[in-house]
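Take a look at the structure below.
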Amino acid sequence: METKILTIQSAEDGAAIAEAAEALKSGKLVIFPTETVYGLGADALNETAVDGIFTAKGRPRDNPLIVHIAHEDQVLDLVSVIPPKGKDCMDIFWPGPLTLIFNRSELVPNYVTAGLDSVAIRMPDHPVARSILQEANIPVVAPSANTSGRPSPTTADHVVEDMMGKVDLIIDGGHTGVGIESTVLDVTVDPPMILRPGGITREDLEAIIGPVDMDETILPSDSSIIPKSPGQKYKHYAPRGEAYVFAGNIIGIAGEINRRVRESGSKKTAVLATTETLELYRGMDLLVNMGSRDNLKEVAHNIFDALRCCDDEGMEVIFIEGFELEGMGVSIMNRLLKAAGGKVILGL
Ligand code: AMP
Ligand code: MG
């Protein structure tokens, strides 16, 4: 398939927006920037188009898709009921990096929800994504635009690496903002439950709707427990090298990572550190700064780029500093633990 790339300077670029919207309406696959990561979009009600997403990504077909919308009215067609706490979340956090799980209506096809009775819906906040969705005026499924299992794309370069020749159109809108995916919140249960941590923290949600539960598989300690969100059971976000995450006191972490770097022999070794700790490391082949420990939004913004950078430089072993399990730290650690396939060194 021939892939066209359009670089867009702003959401006011009417010709590019119209081309993307028209392509979606005619059943084509269109990649566009959202405020979380780049999305691979298709008309949610066109089975052939949606099927193309699973093929392009190599995505397991039991992993349901998130439906993206531009207007709140669209939700009414897609769900059977909007629970009050769901409505409160829509009012406060949409548009933005929060996906809500509702009981679905008859309109939503099985090939979108992987046969579940629920549907995931999000209203993105990126001006380009919003304009395309408004112009197309159809529900659009849009998973992250990476090959399944690889780190999510936060730049058009990442998208091109994975998707060239597999989609019809790529809209290049620069680096995405949040940098990790949306939080997935199930509002069909009370208290609502976070199925995937992301751009909106548990603390943000609890300030609006009171207590929120968290699926126990988000920070896996026991791999035999099955996540409630089908996509969460897969190894994800993985760089090609062997990755390890280190948790505990930062001096302990740095000491242990330096010891392992010394022992790694001829293997090409990377360390993913933070602004505050960069100077503590010695002897590795690549040192990447994920951002400041005082600004976890910056770390979230950089994390997938840091993991892909290790691939670009051919790193065979990757040692990654961990973060405290609060606020955005939970979302970051969820991604890092998956990138490391659960290889975490605790208690340092
Ligand atoms: P992504 O590939 O980044 O768009 O991920 C979509 C996420 O939303 C995956 O983790 C899915 O399992 C999850 N998801 C989508 N629909 C549902 C649903 N109806 N119930 C639970 N999780 C869902
Ligand atoms: Mg994804």
Side-chain angles (χ1 to χ4, degrees), residues 29 31-42 44 50 53-69 75 78-81 83 86 97-105 107-124 126 129 139-154 158-159 162-163 176 178-189 192-200 213-215 217-218 220 226-238 300 303-304 307-308 331 334-335 337-339:
L29 299 181
I31 294 178
F32 55 85
T34 81
E35 79 278 24
T36 57
V37 303
Y38 273 81
L40 165 50
V50 176
I53 286 186
F54 286 96
T55 306
K57 281 180 61 82
R59 182 179 175 102
R61 277 162 210 271
D62 67 348
N63 189 1
L65 299 166
I66 297 172
V67 180
H68 293 66
I69 56 163
V75 178
L78 301 168
V79 309
S80 61
V81 58
L98 178 68
T99 295
L100 296 170
I101 307 285
F102 298 98
N103 287 316
R104 67 163 160 159
S105 74
L107 181 72
V108 182
N110 275 323
Y111 53 77
V112 166
T113 68
L116 297 176
D117 290 334
S118 55
V119 58
I121 307 180
R122 171 166 117 79
M123 188 191 288
H126 192 290
V140 170
V141 285
S144 49
N146 52 287
T147 303
S148 261
R150 291 212 70 208
S152 297
T154 54
H158 299 164
V159 169
D162 284 14
M163 289 295 158
T176 60
V178 178
I180 55 173
E181 300 84 349
S182 59
T183 298
V184 176
L185 181 71
D186 184 353
V187 292
T188 67
V189 291
M193 182 181 276
I194 296 177
L195 304 185
R196 173 176 78 183
I200 301 284
D213 286 340
M214 217 184 290
D215 186 9
T217 60
I218 280 175
I226 298 167
K228 294 194 171 54
S229 183
Q232 292 290 298
K233 70 174 180 274
Y234 295 105
K235 187 177 169 188
H236 247 93
Y237 317 120
I303 204 106
F304 289 131
L307 290 169
R308 277 187 183 251
S331 311
N334 169 264
R335 304 308 189 272
L337 291 176
K338 283 176 184 287

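Ligands are counted one by one from 1 in listed order, and the atoms in each one are counted from 1 as well. Counting from 1, the numbers follow the sequence of the chain as shown.
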Arg335 side chain near Phe304 side chain, heavy-atom distance below 4.5 Å: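 Heavy-atom side-chain distance check passes, below 4.5 Å.
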Please confirm whether Arg59 comes within less than 3.5 Å of ligand 1 when only nitrogen or oxygen atoms on both sides are compared.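 Checking ligand 1 against Arg59, an N or O pair does fall under 3.5 Å apart.
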Heteroatom distance test (Ser118, ligand 1): nitrogen or oxygen, under 3.5 angstrom: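 By distance alone, the answer is yes.
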With a cut-off of 2.8 Å, which protein N/O/S atoms are close to the Mg ion (ligand 2), if we only count those under it?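 Under 2.8 Å from the Mg ion (ligand 2) - ignoring waters, which are not counted - the protein N, O or S atoms are Ser144 OG.
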Leu100/Leu185 under side-chain contact (heavy atoms from CB on, under 4.5 Å): CA gap, chis, key distance, verdict: CA-CA 5 Å; Leu100 296 170; Leu185 181 71; 4.0 Å; yes
Taking only heavy atoms of [X], which atoms of ligand 1 are found under 4.0 Å from at least one of them?
| X | answer |
| --- | --- |
| Asn63 | 9 (C), 11 (C), 12 (O) |
| Ile66 | 4 (O), 6 (C), 8 (O) |
| Ile101 | 17 (C), 18 (C), 20 (N), 21 (C), 22 (N), 23 (C) |
| Leu195 | 21 (C) |
| Leu116 | 18 (C), 19 (N), 20 (N) |
| Pro143 | 2 (O), 4 (O) |

Could I get the full list of side-chain hydrogen bond (donor to acceptor under 3.5 Å, both in side chains) partners for Ser182, not counting sequence neighbours?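 Result, side-chain hydrogen bond (donor to acceptor under 3.5 Å, both in side chains) vs Ser182: Thr99, Arg196.
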Out of Asn110, Thr188, Val67, which residue meets the side-chain contact (heavy atoms from CB on, under 4.5 Å) rule with Arg104?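 Single side-chain contact (heavy atoms from CB on, under 4.5 Å) partner of Arg104 among Asn110, Thr188, Val67: Asn110.
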Looking at every heavy atom in both Ala142 and His68, which two are closest together, and how far apart are they?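 Looks like O-CE1, 3.2 Å.
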For Gly41 and Val140, work out which heavy atoms get closest and say how close.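 That closest heavy-atom pairing would be CA-CG1, 3.9 Å.
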Before you tell me yes or no, could you show the steps for Phe102 and Leu78 under side-chain contact (heavy atoms from CB on, under 4.5 Å), namely the whole-Å CA-CA distance, both residues' side-chain angles and the distance that decides it to 0.1 Å? CA-CA 9 Å; Phe102 298 98; Leu78 301 168; over 6 Å; no
With side-chain contact (heavy atoms from CB on, under 4.5 Å) as the criterion, how do Thr176 and Thr34 come out once you've worked through the C-alpha distance, each side chain's angles and the decisive distance to 0.1 Å? CA-CA 6 Å; Thr176 60; Thr34 81; 5.6 Å; no
Considering Gly115, Ser182, Ser148, Ala120 one by one, which has a heavy atom nearer to atom 16 (N) of ligand 1 than any of the others?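 Shortest heavy-atom distance from atom 16 (N) of ligand 1: Ala120.
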Where do Met163 and Leu29 land on the side-chain contact (heavy atoms from CB on, under 4.5 Å) test, with the steps shown first? CA-CA 11 Å; Met163 289 295 158; Leu29 299 181; over 6 Å; no
State, without any angle test, whether Ser152 and Glu181 hold a side-chain donor-acceptor pair at a distance under 3.5 Å.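 Yes, Glu181 and Ser152 have a side-chain donor paired with an acceptor closer than 3.5 Å.
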Could you check whether any heavy atom of Thr113 sits closer than 4.0 Å to an atom of ligand 1, since that is the contact criterion I want to use?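 No; Thr113 lies far enough from ligand 1 that no heavy-atom distance drops under 4.0 Å.
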